[in-house]
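Notes follow once the structure below has been shown.
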Amino acid sequence: MSSSNIPLSGVRLCEAALPETLFRKVDDAVRNAFREKQSGKSSYSTTFWYPRGAAPANVAEEAISVLMQKVSLPQDCIGMEWWLGRLGYRKKLNFHFDRDLVLSRETGESIFPLLGSVFYLNDFPSSPTVLTDQVPGPDGKSKVPTEPNLTLAVAAIRNNYVIFPGNLYHGVLPDSSIPHADADPGKEPEEKRLTLLINYWHRRPSAPICNDYDGSVYPSLAA
């Protein structure tokens, strides 16, 4: 495993972040989870809470318990919010600030995680995570600076883990000029870009988006 700082303030990349045996266990479980019916819930709007210091309740949290050792955790971090990401070829994830979405919708208040991070489960070179040097303005919604001075594209590479300040503006911006490795000419690849996303928080994000994991969603993770 190697770790390096990237020339965007506070961003770190850990290569080969999980031992291979654990990586395969997580990868298999996540692929099985996405084969399950999820009652129409979006993978990006169903998140789970893993308290700092708690025993893992599933294989995703088992992975997080290892990944968090590579993070310089702020002292006031009380736990991790995690969820699974799946994007198709040429699909984007709109640029955004991670925040407590329920609190923002109900009160207009914007609270951001201490740190954000993405763990990549497969190679998907056409869809990097793009980070900018923009942070929220005083209203919690505007961007400072208005236009980025610096952007960073982090390639989606199997078993790599990128960690970044939780208030950075970011998204997934596909590059259609890069073919997927397994794509047949003229056909969309069946493979999806798979990720385990982890935010480190000083307070627990609000329900009903952030939940305790009880096995009713993604039961294969607890198998």
Side-chain angles (χ1 to χ4, degrees), residues 4 6 8 11-18 20 22-48 58-60 63-64 67 81-99 101 116-134 143 148 150-164 166 168-199 209 217-221:
S4 61
I6 298 175
L8 186 63
V11 180
R12 285 185 57 236
L13 178 66
C14 298
E15 300 175 338
L18 290 184
E20 186 64 23
L22 179 55
F23 174 85
R24 291 179 182 177
K25 181 179 177 182
V26 175
D27 182 54
D28 286 345
V30 170
R31 291 174 187 273
N32 287 334
F34 277 127
R35 295 187 187 103
E36 300 160 355
K37 292 183 179 180
Q38 301 305 324
S39 303
K41 291 184 178 180
S42 164
S43 62
Y44 286 95
S45 61
T46 303
T47 73
F48 303 95
N58 53 68
V59 69
I64 293 168
L67 293 171
E81 177 192 23
W82 64 269
W83 65 103
L84 304 181
R86 177 173 62 172
L87 281 179
Y89 183 58
R90 293 178 178 163
K91 299 296 183 182
K92 69 177 180 178
L93 184 63
N94 290 332
F95 278 79
H96 61 281
F97 294 114
D98 286 348
R99 67 182 78 215
L101 289 173
S117 63
V118 184
F119 178 68
Y120 300 102
L121 289 160
N122 57 351
D123 292 335
F124 220 90
S126 63
S127 298
T129 300
V130 179
L131 304 165
T132 80
D133 62 352
Q134 294 166 290
K143 301 183 293 294
L150 184 63
T151 61
L152 173 68
V154 181
I157 296 177
R158 176 189 187 275
N159 205 10
N160 277 9
Y161 183 45
V162 62
I163 306 139
F164 51 91
L168 288 188
Y169 197 56
H170 64 284
V172 177
L173 192 62
D175 184 348
S176 59
S177 69
I178 301 176
H180 192 71
D182 299 326
D184 294 327
K187 293 184 179 180
E188 293 291 312
E190 294 183 3
E191 177 81 341
K192 298 289 194 298
R193 178 187 187 270
L194 302 179
T195 51
L196 169 62
L197 302 109
I198 309 157
N199 282 344
I209 288 180
V217 179
Y218 304 138
S220 64
L221 296 183

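Here the structure is a predicted model, which means the values were calculated and not measured. The first residue in the sequence is number 1, and the count goes up from there.
Put simply, the side chain of S126 never gets that close to the backbone of D175: no donor and acceptor are under 3.5 Å apart. In terms of modelled atom types and a separation under 3.5 Å, the side chain of N58 and the main chain of L221 share no donor-acceptor contact. When atom types are taken as modelled, the side chain of D133 and the backbone of L8 share no donor-acceptor pair closer than 3.5 angstrom. With hydrogens and angles ignored, the 3.5 Å screen pairs a side-chain donor or acceptor of T132 with a backbone N or O of Q134. At least one donor-acceptor pair closer than 3.5 Å links the side chain of E36 to the backbone N or O of S220.
The structure places CZ of F124 at 8.0 Å from OH of Y89, a figure rounded to the nearest 0.5 Å. Note that CZ of F48 is 7.5 Å distant from CG of L84, once rounded to the nearest 0.5 Å. To the nearest 0.5 Å, atoms CG (L197) and CG (D98) are separated by 8.0 Å. With rounding to the nearest 0.5 Å, the separation of CZ in F23 from CZ in F119 is 5.5 Å. Between the CG atom of N94 and the CG atom of L173 there is a distance of 10.0 Å, given to the nearest 0.5 Å. Atom CG in L121 sits 13.5 Å away from atom CD1 in I157 (nearest 0.5 Å).
L67 has its side chain within reach of L18: a pair of non-hydrogen atoms, C-beta onward, lies under 4.5 Å apart. Between L196 and I198, the closest side-chain pair of non-hydrogen atoms falls below 4.5 Å.
For the residue pair R193 and T129, a side-chain donor N or O sits within less than 3.5 Å of a side-chain acceptor on the partner. No side-chain N or O of N159 forms a donor-acceptor pair with one of E15 less than 3.5 Å apart.
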Under the side chain to side chain contact (heavy atoms under 4.5 Å, CB included) criterion, do N122 and Y120 qualify, and how do the steps go?
CA-CA 6 Å; N122 57 351; Y120 300 102; 5.8 Å; no
Could you walk me through whether S117 and Y161 satisfy the side-chain hydrogen bond (donor to acceptor under 3.5 Å, both in side chains) test, starting with their C-alpha distance in whole Å, then the side-chain angles of each, then the deciding distance to 0.1 Å, before giving a yes or no?
CA-CA 7 Å; S117 63; Y161 183 45; 2.8 Å; yes
Derivation of the side chain to side chain contact (heavy atoms under 4.5 Å, CB included) call for L93 and L87
CA-CA 8 Å; L93 184 63; L87 281 179; 4.1 Å; yes
Stepwise, does the side chain to side chain contact (heavy atoms under 4.5 Å, CB included) test hold for N160 with L13?
CA-CA 7 Å; N160 277 9; L13 178 66; 4.2 Å; yes
Between L131 and V154, is a side chain to side chain contact (heavy atoms under 4.5 Å, CB included) present by the stated rule, with each step listed?
CA-CA 8 Å; L131 304 165; V154 181; 4.2 Å; yes
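Remark: D27 pairs with R31 by the salt bridge (Lys or Arg N to Asp or Glu O under 4.0 Å) rule, at least two apart or across chains. Residues meeting the side chain to side chain donor-acceptor pair (under 3.5 Å) test with E81, sequence neighbours left out: T47, W201. With sequence neighbours excluded, the residues forming a side chain to side chain donor-acceptor pair (under 3.5 Å) with R24 are E20, listed by chain and number.
Across all their heavy atoms, A63 and V26 have their closest contact at CB-CG2, 3.7 Å. Between A33 and Y218, the closest heavy-atom pair is CB-CD2, 3.7 Å. The minimum heavy-atom distance linking P125 with P128 is given by the pair O-CD, 4.1 Å.
Residues F164 and H170 place their aromatic rings such that the two centres sit under 6.0 Å apart.
Ring orientation note: the planes of F97 and Y169 are tilted relative to one another, at an angle of 30° to 60°.
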